[in-house]
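Model, not experiment: these values are computed from the prediction. Just so we're on the same page: letters track the sequence lines, and every chain starts at 1. Computation of the quantities below employed the complete heavy-atom set of this structure, encompassing side-chain atoms and omitting hydrogens, waters and symmetry-equivalent molecules.
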2 protein chains.
Amino acid sequence: MGIKERRAREKEQLQQQILSAARELFVNEGYENVSMRKIANKIEYSPTTIYLYFKDKADLLDSVCKETLLNLLNTLEQLKSNISDPVETLRKSGRAYVEFGLKYPQDYKLTFVIRPQFQKGLGLEEGSVGEKVFDYLREMVSECIRQQVFCQVDIETTGQVMWSAVHGVTLLLIDFPDFPWTEKDKLIDAVIHTTIEGLKA
Amino acid sequence: MGIKERRAREKEQLQQQILSAARELFVNEGYENVSMRKIANKIEYSPTTIYLYFKDKADLLDSVCKETLLNLLNTLEQLKSNISDPVETLRKSGRAYVEFGLKYPQDYKLTFVIRPQFQKGLGLEEGSVGEKVFDYLREMVSECIRQQVFCQVDIETTGQVMWSAVHGVTLLLIDFPDFPWTEKDKLIDAVIHTTIEGLKA
DNA sequence: TATTCAACTTAACACTGTTAATTATATCAT
DNA sequence: ATGATATAATTAACAGTGTTAAGTTGAATA
């Protein structure tokens with residue numbers, strides 16, 4: 001009974017095709033400036049076909065963001081190696097986080113700024129990929145605390161402080177590219193270094 | 001020649017009326033969900049009248065954001081009192097910044113996240129209100145450095161690190177209200193405290 | 001009173017997300 | 001191979017969007 005499977009495969013392929021087209025357009029032209037008709041044109045289907053695969057435009061955004069979070073998670077998990085020096089790992093993770101945001105600025109904004117505006121359900125709920133990203137951060141931080149490098153014992157707060165710092169600098173660099181920033185890498189390092197030192201104190 | 005003056009006054013009044021209506025709608029329903037026609041209805045004028053006072057919708061957003069920055073600047077400047085303890089002043093300023101963002105979350109996002117998406121001209125250019133806000137921060141930081149409380153001598157970087165931290169936590173709290181944050185006030189204090197301690201180290 | 005000029009409005013254009021009704025197509029049973 | 005069935009994709013339409021051009025009003029000037 002290979003027919004049904006083939007059909008299912010084809011359906012999934014088209015769904016993926018729609019997703020790719022949507023991501024590419026969202027990233028290049030901005031979510032607001034992308035119409036369902038534009039996406040439809042790109043994949044050479046009629047606009048309403050998209051609605052057979054996604055509930056609406058916000059749902060499409062949702063799926064794109066989920067992919068982005070998966071990418072981010074993969075990028076981070078590749079750094080989890082040397083747990084012996086947890087502070088160094090945390091530093092590297094911070095850098096990787098910011099660099100991910102700057103490498104895919106539109107994706108980052110889509111996921112962490114624009115999506116929350118449309119879907120009140122954050123994408124950080126239990127079991128979600130978003131939660132796993134924060135889980136990763138929690139793990140890093142908790143190892144630092146366990147080895148008594150950080151003074152404070154509150155894992156949650158510590159993680160959230162770290163997240164605030166990297167999220168903040170990422171968005172500022174994305175949103176105000178013409179601001180007379182300190183040299184970019186220096187600023188990122190300063191943010192991460194300052195936060196880590198602050199957590200040690 | 002009071003007639004022309006009266007007419008000019010009336011024009012300015014209507015402009016202000018449009019601005020107020022726009023802000024109220026933007027704040028309550030989100031920039032994307034507010035149409036020119038909605039604004040027009042609110043002030044009981046035809047939609048196209050707005051275009052006699054503002055170039056387009058983005059220009060309207062621009063003006064709303066400029067007002068927001070002025071509000072923020074005023075809020076901050078009221079704290080500039082006791083320069084004797086610059087660290088305490090900086091701490092208070094940080095808190096005031098975040099609290100401003102949380103008090104007017106839509107305004108904050110409009111100004112620091114949504115506007116940059118539409119107007120590449122940041123609103124932080126020379127002579128602007130936005131620049132004055134960062135000038136304020138620079139002043140606070142520079143006093144800390146002058147009194148040798150902060151080790152680093154780079155005023156710019158230090159200020160930008162501080163800004164990253166408060167911007168980050170503000171946006172996270174706004175965008176993910178359902179995330180299991182540490183108690184809000186505790187988190188804000190932790191962010192500011194950590195950053196300041198980190199800058200001391 | 002006629003004219004000029006600014007303020008404002010109406011009508012229109014090309015576009016948006018989305019739904020309902022309709023057509024085409026590929027699979028199945030006969 | 002032919003007809004029935006289910007599913008995939010399309011067309012047409014609705015109510016709404018930002019914005020422009022042309023037209024109307026009404027008051028200040030000559």
For B:Y45, report the nucleic acid contact type (base, sugar-phosphate, nothing); a contact means any heavy atom under 4.0 Å. sugar-phosphate
How many whole angstroms separate atom CE of A:M36 from atom P of D:dT10? 14 Å
Could you check which of D:dA8, D:dT11, D:dT19 has an atom nearest any side-chain atom of B:K57? D:dT19
Base, sugar-phosphate, or nothing for B:L60, non-hydrogen atoms under 4.0 angstrom? nothing
Any idea which heavy atoms bring A:H167 and B:G168 closest together, and the distance? CD2-O, 3.9 Å
Check the phosphate of D:dT10 against A:T49, side-chain N and O only, distance under 4.0 Å to OP1 or OP2. Yes or no? yes
Can you tell me whether the side chain of B:R37 and the base of D:dG16 have a donor-acceptor pair closer than 3.5 Å? no
For side-chain contact (heavy atoms from CB on, under 4.5 Å), just list the numbers for A:I114 and A:F26, CA-CA rounded to whole Å, side-chain angles, deciding distance to a tenth of an Å, and then say yes or no. CA-CA 11 Å; A:I114 294 171; A:F26 286 168; over 6 Å; no
Among C:dA20, C:dT16, D:dT19, which nucleotide sits nearest the side chain of B:Y51? D:dT19
Atom-pair distance (CG on A:D56; P on C:dT18), nearest Å: 5 Å
Candidate list A:K92, A:R91, A:R95, A:K184, test salt bridge (Lys or Arg N to Asp or Glu O under 4.0 Å), partner A:D189, passing option: A:R95
Provide, to the nearest angstrom, the distance between the CG atom belonging to B:N33 and the P atom belonging to C:dT16. 17 Å
OP1 or OP2 of D:dT10 under 4.0 Å from side-chain N/O of A:S46: yes
Taking the six-membered ring of A:Y53 as reference, does the cationic atom of A:K11 (NZ for Lys, CZ for Arg) lie under 6.0 Å from its centre and within 45° of its axis? yes
Specify the separation, in whole Å, of atom CG of B:D59 and atom P of D:dG18. 15 Å
Rounded to the Å, how far apart are A:I50 CD1 and D:dA8 P? 16 Å
Nucleotide D:dT7, atom C1' - distance to CG of A:L14 in whole Å: 14 Å
Considering all heavy atoms, the nearest B:K55-B:D59 contact: N-OD2, 2.9 Å
Under 3.5 Å donor-acceptor pairs involving side-chain atoms of residues 68-78 of chain A, not counting sequence neighbours:
unit_1	atom_1	unit_2	atom_2	d
A:T68	OG1	A:R23	NH2	2.4
A:T68	OG1	A:V64	O	3.1
A:T75	OG1	A:N71	O	2.8

Once you round it to whole Å, what is the distance between P of D:dT19 and CZ of B:F54? 13 Å
Which class fits the ring pair B:F176 and A:F112: parallel under 30°, tilted 30 to 60°, perpendicular over 60°? perpendicular
Ranking D:dA12, D:dA9, C:dT10 by distance to the side chain of A:T48, first place goes to D:dA12
OP1 or OP2 of C:dC15 less than 4.0 angstrom from a side-chain nitrogen or oxygen of A:S35, does that happen here? no
Please classify the nucleic acid contact of A:Y53 as base, sugar-phosphate, or nothing, using heavy-atom distances under 4.0 Å. sugar-phosphate
d(CD, A:E32; C1', C:dC15) in whole Å: 15 Å
Note down the inter-axis angle between the two ends of the helix from C:dT1-D:dA30 to C:dT30-D:dA1, five pairs each, to the nearest 10°. 20°
If you look only at pairs with a residue in residues 30-39 of chain B, which of them pass as a side-chain hydrogen bond (donor to acceptor under 3.5 Å, both in side chains), with sequence neighbours excluded? B:E29-B:K38
